[in-house]
Structures are given as C-alpha cells and as structure tokens.
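Quick caveat, the model's predicted, so the values are computed rather than measured.
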Amino acid sequence: MKRKLKILLFLMLFPVLLLGCTSSTPQEETKNGENEHHSHSEDIVMMLVKPVELQTLELETEIEVNITNSDHPLTDGNVGFEYWQEGDTKHQFIDATETDSGHYSALIPFQQPGEYILKLHLEKDEIHEHKEWMVTVEP
C-alpha cells in the first residue's frame, strides 16, 4: 500500500517538478550567445520614397524613406542603409539623416549597373526593424 502511495505521489508531483525546471519565456540569442532586447512592431511602416529611377551616371543617388509608427512619423530614429550588388559578399553601410519628421535620406554611390539589395536598418528605443528592396541601376 505504501508503495502505491509513493508511486501515486511521484506521478502527481513529476509534472510540477518538470515544469519548475523549464523557462516559461524563451529568449532570443545572437550569434555571440547574448540576449537581444529589441522588438519588432507591426505598427512600423517603412516606405521607399526616392529614387524613382537609378542611373549610374550620377555620382550619388539620394535614397529617401518615410517611416511611421502607428500612422505617426517616427522621429529621432537611428537609420541607415546597407547595400550590395546582388551576388556580391561585400556590403556597404551609410547612415541616414532625418530631413523632415519621419523622413530619412542618404546619398549612395551606385557605381555599376545591375541589381542591388537595399536594406533599411531602423533602431529606436526597443524597436529594431529591417526592410529590404531590390533596386535596378540602369546604365
């Protein structure tokens, strides 16, 4: 009888002990194993405003984005553009400047015709967002 009682108690307590040993909130880890403390928001909208056409004849092309958070201009963000020609492993990074409320721009030197990936990086407080566009540079 004592044996059945011990087994019954063990079966009742085992799930409690098991749950007590696991974390209820998973943590994201970076490649370095450090925890990331940022969030992604569905309220963030990032729209490419310029350019309409890209020409390599220009020394630098102005890239402009409009960023909103819950339909309001996102101001004072840390914004930059990463860009590289498709298939290339070397990436360039240029910081953007806020030119108007929620509008950020940078001058990017596209030196060859072809397909480029343009990746927007946005950080502000706990927000960390990215968005990519494929752009074609015509000769």
(request) Going by the side-chain contact (heavy atoms from CB on, under 4.5 Å) test, name the single residue among His130, Glu129, His128 that passes it with Leu122. (result)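 Going through His130, Glu129, His128 one by one, the side-chain contact (heavy atoms from CB on, under 4.5 Å) with Leu122 is satisfied by Glu129 alone.
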Quick check: do [X] and [Y] have side-chain heavy atoms less than 4.5 Å from each other?
| X | Y | answer |
| --- | --- | --- |
| Met134 | Ile117 | yes |
| Asp76 | Glu98 | yes |
| Val135 | Ile63 | no |
| Thr99 | Tyr104 | no |
| Leu107 | Thr61 | no |
| Ile44 | Lys131 | no |
| Met46 | Ile67 | yes |

Could you tell me the separation between the [atom1] atom of [X] and the [atom2] atom of [Y], rounded to the nearest 0.5 Å?
| X | Y | atom1 | atom2 | answer |
| --- | --- | --- | --- | --- |
| Leu74 | Asp43 | CG | CG | 11.0 Å |
| Ser105 | Asp100 | OG | CG | 10.0 Å |
| Leu118 | Leu48 | CG | CG | 6.5 Å |
| Asn78 | Asp125 | CG | CG | 11.0 Å |

Which atom pairs, donor and acceptor, lie under 3.5 Å between side-chain atoms of residues 83-97 and protein residues at least two apart or in another chain?
{"unit_1": "Gln85", "atom_1": "NE2", "unit_2": "Pro113", "atom_2": "O", "d": "3.0"}
{"unit_1": "Asp88", "atom_1": "OD1", "unit_2": "Lys90", "atom_2": "N", "d": "3.3"}
{"unit_1": "His91", "atom_1": "ND1", "unit_2": "Glu82", "atom_2": "OE2", "d": "2.7"}

(message) With a 4.5 Å cut-off on side-chain heavy-atom distances among I, L, V, M, F, W and Y, is there a chain of contacts connecting Ile108 to Trp133?
(response) yes
(request) For Phe81, check ring pair (Phe, Tyr, Trp, His ring centres under 6.0 Å) against everything at least two apart and list the hits. (result)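 Phe81: no ring pair (Phe, Tyr, Trp, His ring centres under 6.0 Å) contacts found.
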(request) Starting from Val45, walk the hydrophobic network (Ile, Leu, Val, Met, Phe, Trp, Tyr; side-chain heavy atoms closer than 4.5 Å) and list everyone else you reach, by chain and number. (result) Met47
